[in-house]
Amino acid sequence: MLLRRSLLLCLAATLWAADPAPLKPGSVTVTGSLRTRLELWDYFQGNADNSYAFSGNTFKLSFAQSLKKIDWQLELEAPFLLGLPSSAIAPAPQLQLGLGGNYYAANKNHKNAGMLFPKQGYVRFKNLFGGANQSIRLGRFEWMDGAEATPKDATLAALKRDRINQRLIGPFGWSNAGRSFDGFHYTANTRKSRLNYTVVSALPTRGAFQVDGWGNLKVGFVYGSMTGQVGQGRSAGEWRALAVYYQDWRHVLKTDNRPSAIRQRDFNNVRVGTYGGHYIHKWDTSAGAVDIMLWGVLQNGKWGRQNHAAGAYDLEAGWQPKVLPKLKPWLSGGHSHTSGDSNAGDNTHGSFFQLLPTPRPFARFPFYNMMNNDDTFGILTLRPHKSWTIRTEFHALRLANRNDLWYVGGGAFQPWTFGYIGRNTSGARSLANQYDASVDYTVNAHLAVSAFFGYAQGKAAMHAIYPKGTDGRFGYLEATYKF
């Protein structure tokens, strides 16, 4: 029945794709989208249901107007979930066996859930202070770190989109509800020096796994960055310097490696500063385009009653050889390291904190994230046609520090849960080898379809949590229609 419902939604989107241009009553533009996804889970075997399917769907309707000095947008979103598993949550330390358990728990244990709420609602003031390239946006909006500027070079633009944007802060758009931000967004661009300045201060909204996205949270951040373009043509690059102050003043239990009795007594605020940036560069050579990516940050602050000191880096390189020109291959790989806490008994919290990210681009089989993690990986992308993208990835995963936890999650999304969970692997570090493949096909300007399959071969850390079966599988079929 669930498969039939999802296929009917995909078929409806396909038939609807013949619809012509968007509605435009006067100078107001009306657009929208319907995304339907059938998720198939065969999670690591625990003391609950690890094998199930459910349907996640999101409908959006947007009204927007752009004038000389002002523009505005009102976007409504209606996520609806069908057939969530009611028995996919095991006792600690196993907890949720796949994202079906997350959605079920976040929506008051309902197998079917839906809601309508304002996804975006903002006013943007343009041409400020006598400059055509300055603007301020006020209200509720979507935003991601790293996307302040888009390089003109196609390779650099794709590298930013897939490997840099939303590592620290993002709209969690892959989830069925996502998140937005209530606040202000200032941006300025200088033409001669090719610099972008961005300042954002906001509170994240509810959402992500919870279909109720009406309110915001007692969590806030202030973000500032400067982004610059270097070179052009055969040798081009981009750099960014950033600083973020994040504070969480919710009265919720933090997730870390301290004993439960100590954590239960610590409801002090989380206050974390993050400082760093990225550099990307591409060279056109006789053997094909070569690219590099360097991303890194340091953190300090307070983790409740503890001091906080952590860091992370990601080093990557890619090559687009001129062999097999019809397939346009792009080979890339690298290593990502995010610090873990070495001593649960001292006064310093050393686990890297990922703030409010969209974790899925960096963990396509979402059983891990960028916290206490070492990830050595390789990626092959094939582009046989402008409408087709085929991508396969391999990740060798282990915990950065054996004394810390295996973390999963994407940040705060409701008032009463922290947003991350951790599992104690009893000192084991080796987590899993992950293999995955995806196919994305753009049918036309209205319709796109995707398929994904991931397999995780569990190692020692996984065996400590799931002794009944350490291998996991996850796949989905998705269709998105835009009008």
Side-chain angles (χ1 to χ4, degrees), residues 16-17 19-35 58-78 116-152 157 160-161 165-166 169-173 177-205 207 213-216 220-229 240 444-446 448 480-483:
W16 199 7
D19 204 348
L23 300 173
K24 199 159 186 178
S27 59
V28 177
T29 301
V30 181
T31 58
S33 66
L34 171 65
R35 185 184 73 190
T58 305
F59 177 75
K60 295 181 180 180
L61 182 64
S62 172
F63 305 86
Q65 185 180 38
S66 181
L67 304 173
K68 184 178 180 180
K69 292 187 177 182
I70 190 173
D71 59 32
W72 61 267
Q73 181 181 11
L74 173 63
E75 182 179 57
L76 304 176
E77 178 175 332
L116 174 68
F117 60 86
K119 178 66 172 174
Q120 299 191 85
Y122 65 81
V123 177
R124 189 198 322 263
F125 299 94
K126 304 180 291 185
N127 307 321
L128 297 176
F129 314 117
N133 298 310
Q134 297 186 68
S135 67
I136 291 181
R137 184 166 50 160
L138 302 172
R140 174 169 292 191
F141 49 82
E142 287 189 332
W143 181 81
M144 64 181 70
D145 86 284
E148 298 93 319
T150 301
K152 292 183 179 180
K160 279 199 70 177
R161 180 195 66 218
N165 294 358
Q166 55 193 336
I169 303 174
F172 216 149
R179 72 162 63 94
S180 299
F181 301 99
D182 291 343
F184 80 87
H185 171 204
Y186 168 80
T187 185
N189 295 284
T190 62
R191 293 181 179 177
K192 291 184 179 180
S193 56
R194 296 193 292 170
L195 294 175
N196 170 274
Y197 301 91
T198 294
V199 177
V200 180
S201 181
L203 309 178
T205 65
W214 276 93
N216 54 36
F221 69 89
V222 179
Y223 171 96
S225 71
M226 180 168 62
T227 306
Q229 309 298 320
R240 174 181 53 140
N444 53 38
H446 297 284
T480 303
Y481 171 72
K482 297 180 180 180
F483 64 90

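Just so it is clear, the model here is predicted, and its values are computed rather than measured.
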Using atom types as modelled and distance alone, determine if a side-chain donor or acceptor of Thr205 lies under 3.5 Å from a backbone N or O of Ser180. yes
Residues in salt bridge (charged side-chain N to carboxylate O under 4.0 Å, His left out) contact with Arg179, at least two apart in sequence or another chain: none
For Arg137, check salt bridge (charged side-chain N to carboxylate O under 4.0 Å, His left out) against everything at least two apart and list the hits. none
Assess the side chains of [X] and [Y]: does a donor N or O sit below 3.5 Å from an acceptor N or O?
| X | Y | result |
| --- | --- | --- |
| Thr227 | Glu148 | no |
| Gln73 | Ser62 | yes |
| Lys126 | Ser66 | yes |

Contacts of [X] that satisfy side chain to side chain donor-acceptor pair (under 3.5 Å) - sequence neighbours left out:
| X | value |
| --- | --- |
| Thr58 | none |
| Trp143 | none |
| Asn196 | Thr187, Asn189, Thr198 |
| Thr150 | none |

From Tyr122 OH over to Glu142 CD, what is the distance, rounded to the nearest 0.5 angstrom? 9.5 Å
Gap between atom CG of Leu195 and atom CE of Met226 - 0.5 Å precision: 6.5 Å
Is there a side-chain contact between Ile169 and Phe181 in this structure, where contact means two heavy atoms from C-beta onward sitting under 4.5 Å apart? yes
In terms of heavy-atom contacts, Leu138 and Ile136 come closest through CD2-CG2, 3.8 Å
Could you work out, with side-chain contact (heavy atoms from CB on, under 4.5 Å) as the rule, every residue matching [X], not counting sequence neighbours?
| X | answer |
| --- | --- |
| Val222 | Ser201 |
| Lys160 | Pro151, Ile164, Asn165, Glu238, His278, Ile280 |
| Leu203 | Asn216, Trp249 |

